[in-house]
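Each remark here refers to the structure printed beneath this line.
Sequential numbering from 1 along the given sequence is applied to the chain's residues. Remember, it's 1-based here, ligands and their atoms both numbered in the order they're listed.
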Amino acid sequence: MKKKWLSIVLASALVVSCTACGSKATPTGGTASAKTTDGKTITVGFSQVGAESDWRTANTTSMKGTFTKANGYNLVFDDAQQKQENQITAIRNFIQQEVNYIVLAPVTETGWDTVLKEAKDAKIPVIIVDRMVKVSDESLYTAWVGSNFKLEGQKATEWLKDFAAAKGLKNSDLHIVDIQGTIGASAQIGRTEGLEEAAKTNGWDLLAKESGEFTQAKGQEVMESFIKQYPNLNVVYCENDNEAFGAIDALTAAGKTVGSDIKNGQVMVMSFDCTKAGLTDTLNGKITLDTECNPLHGPRVQKIIDALKSGGTVDKKAYVDEEMFCADTTVPKVSISGQDFNVTKLTQDVLSKRAY
Ligand code: GYE
């Protein structure tokens with residue numbers, strides 16, 4: 001895992017706006033019965049993907065910092081070490097323990113029908129957070145909150161198109177490799193799709209794609225192999241910050257210079273997440289564009305639980321608003337289907353405000 005993990009003060013950064021969409025939903029598991037220890041405490045079972053990235057660590061911290069005893073919760077936390085079978089076991093344990101709510105950050109989209117049906121039969125509402133699930137019956141979960149991963153990919157590639165044009169590069173000058181996230185995870189699917197569609201539309205040379213599992217070590221390994229196979233590569237599209245750190249190490253070790261000056265032989269690194277470490281590399285020019293993915297879901301999930309607790313309805317799906325960060329201002333905004341998205345100029349001041 002990356003570099004120095006910085007001490008996290010989440011409290012100040014907990015409020016990020018949410019763009020709700022989709023229909024309203026009622027708790028599919030029925031009213032959570034008051035299986036609390038003292039009649040007041042709400043027990044929440046949280047099945048977390050793992051600890052593969054700085055983003056994930058910030059997400060875990062946000063959840064643990066929200067569902068505290070002081071806030072009236074008993075959090076049962078399970079780290080699945082990136083394995084779906086561990087998540088399924090954790091959910092079954094939560095059901096057995098008769099928790100009031102189950103929160104699932106699913107490693108991949110598919111394979112959840114059976115266990116979510118078991119939770120529904122036990123009348124325990126399930127809230128999905130971060131990545132999505134693909135289920136045959138949408139009533140198997142109560143609500144989802146997370147990012148629009150396809151839009152993230154579209155924003156990043158639209159920026160690349162505009163940036164290349166502004167620098168006088170032709171479409172055929174770009175030779176791109178994709179270090180993908182965990183295959184089958186929504187974050188991978190959306191970001192890969194965004195790139196593939198843009199490559200097709202713009203006639204870019206998309207040389208190869210391979211999973212770096214969202215980790216620094218695998219990102220480095222995949223990059224080392226890409227460098228050997230594709231000596232002409234000049235854009236590395238990393239599907240998260242930790243992969244970008246690994247890719248930068250591999251490129252540097254191979255004698256390449258990372259940066260935005262493709263015309264003069266530099267290799268451009270693009271990334272997603274915008275963790276403090278990622279934005280530090282963006283400010284120093286190692287990452288040219290970092291597209292934000294916000295991990296601070298604790299308070300958002302709490303809001304959902306609060307609404308359900310008081311018998312209210314919640315949005316079935318809610319997307320989080322996110323930015324893009326670049327140290328240079330060549331492309332100040334991108335436009336997708338008529339909607340403008342600003343590219344925030346990254347300064348030391350902006351970086352110092354990042355809490356994770
Ligand atoms: O981008 C990556 C993490 O699902 C959005 O998972 C999340 C992704 C995030 O490992 O760093």
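Connection of I42 to I304 is established within a shared hydrophobic cluster, with ILVMFWY side chains joined at heavy-atom distances below 4.5 Å, either directly or through further cluster members.
Residue-environment remark: NZ (K209) stays at or below the threshold of 12 foreign heavy atoms within 6.0 Å. For K345, the NZ atom is densely surrounded, since the number of other residues' heavy atoms within 6.0 Å is greater than 12. Heavy atoms from other residues, nucleotides or ligands lying under 6.0 Å from NZ of K134 number 12 at most.
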- Task: Carefully, step by step, assess D113 and K117 under the rule salt bridge (Lys or Arg N to Asp or Glu O under 4.0 Å).
- Result: CA-CA 6 Å; D113 292 69; K117 174 82 170 49; over 6 Å; no
Could you pull out the N/O contacts under 3.5 angstrom between ligand 1 and the surrounding protein atoms?
| from | atom 1 | to | atom 2 | distance (Å) |
| --- | --- | --- | --- | --- |
| ligand 1 | 1 (O) | R191 | NH1 | 2.9 |
| ligand 1 | 1 (O) | R191 | NH2 | 3.4 |
| ligand 1 | 1 (O) | D273 | OD1 | 2.6 |
| ligand 1 | 4 (O) | R56 | NH2 | 3.4 |
| ligand 1 | 4 (O) | D130 | OD1 | 2.9 |
| ligand 1 | 4 (O) | D130 | OD2 | 3.1 |
| ligand 1 | 4 (O) | R131 | NE | 2.8 |
| ligand 1 | 6 (O) | R56 | NH2 | 3.1 |
| ligand 1 | 6 (O) | R131 | NH2 | 2.9 |
| ligand 1 | 10 (O) | E52 | OE2 | 2.4 |
| ligand 1 | 10 (O) | S53 | OG | 3.0 |
| ligand 1 | 11 (O) | S53 | OG | 3.1 |
| ligand 1 | 11 (O) | N240 | ND2 | 2.8 |
| ligand 1 | 11 (O) | D273 | OD2 | 2.6 |

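Cluster partners of M268 are L151, W159, L160, F163, L169, L174, I176, L195, W204, L206, V235, Y237, I262, M270, F272, L289, M324, V331, V334, I336, F341, V343, counting Ile, Leu, Val, Met, Phe, Trp and Tyr whose side-chain heavy atoms approach within less than 4.5 Å, directly or via other members.
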